[in-house]
Amino acid sequence: MLCYGMQEKFCNSAYIERFLKAKGDNVKKAAKQLRNCHAWRDSLAIDHLIADEFSAELAEGAAYVSGHDDE
């Protein structure tokens with residue numbers, strides 16, 4: 001299974017299609033990139049990040065919090 005644990009919430013046909021399209025419909029390359037993406041997300045604990053950790057980036061407009069952007 002390419003999607004596991006908390007990552008399953010992102011795993012739908014559109015999600016996988018983006019990886020396939022990025023790799024020219026090469027299934028092996030897309031699967032490798034998908035696994036690497038999940039490993040990266042796990043290593044950074046992406047699901048536990050909070051906006052307070054990025055106050056400088058938010059102040060500069062380099063990042064935004066979905067649903068809380070003025071524009």
Side-chain angles (χ1 to χ4, degrees):
M1 183 82 170
L2 290 175
C3 299
Y4 54 91
M6 294 294 290
Q7 310 257 349
E8 286 181 348
K9 67 183 173 186
F10 301 109
C11 211
N12 57 39
S13 59
Y15 179 78
I16 295 192
E17 187 176 327
R18 285 192 296 273
F19 283 90
L20 280 169
K21 186 182 279 189
K23 293 300 178 184
D25 291 331
N26 184 310
V27 174
K28 283 186 175 184
K29 288 181 180 181
K32 181 179 178 181
Q33 184 182 27
L34 180 64
R35 282 190 216 95
N36 288 340
C37 178
H38 285 195
W40 173 80
R41 291 177 65 91
D42 287 341
S43 72
L44 291 179
I46 290 284
D47 295 328
H48 304 290
L49 294 177
I50 57 174
D52 293 342
E53 296 178 40
F54 302 96
S55 58
E57 290 87 351
L58 290 167
E60 294 172 0
Y64 71 96
V65 178
S66 179
H68 300 286
D69 189 22
D70 291 338
E71 297 177 16

Query raised in the report: To the nearest 0.5 Å, what is the distance between NZ (K29) and CG (L34)?
Result: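 Answer for the NZ-CG pair, K29 versus L34, is 16.0 Å.
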Smallest separation among heavy atoms of Y15 and C37, with atom names: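 Of all heavy-atom pairs spanning Y15 and C37, the closest is OH-SG, 4.3 Å.
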**Asked** Taking all non-hydrogen atoms of both residues, which atom of K23 and which atom of Q33 are closest, and how far apart?
**Response**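 Looks like CE-OE1, 3.4 Å.
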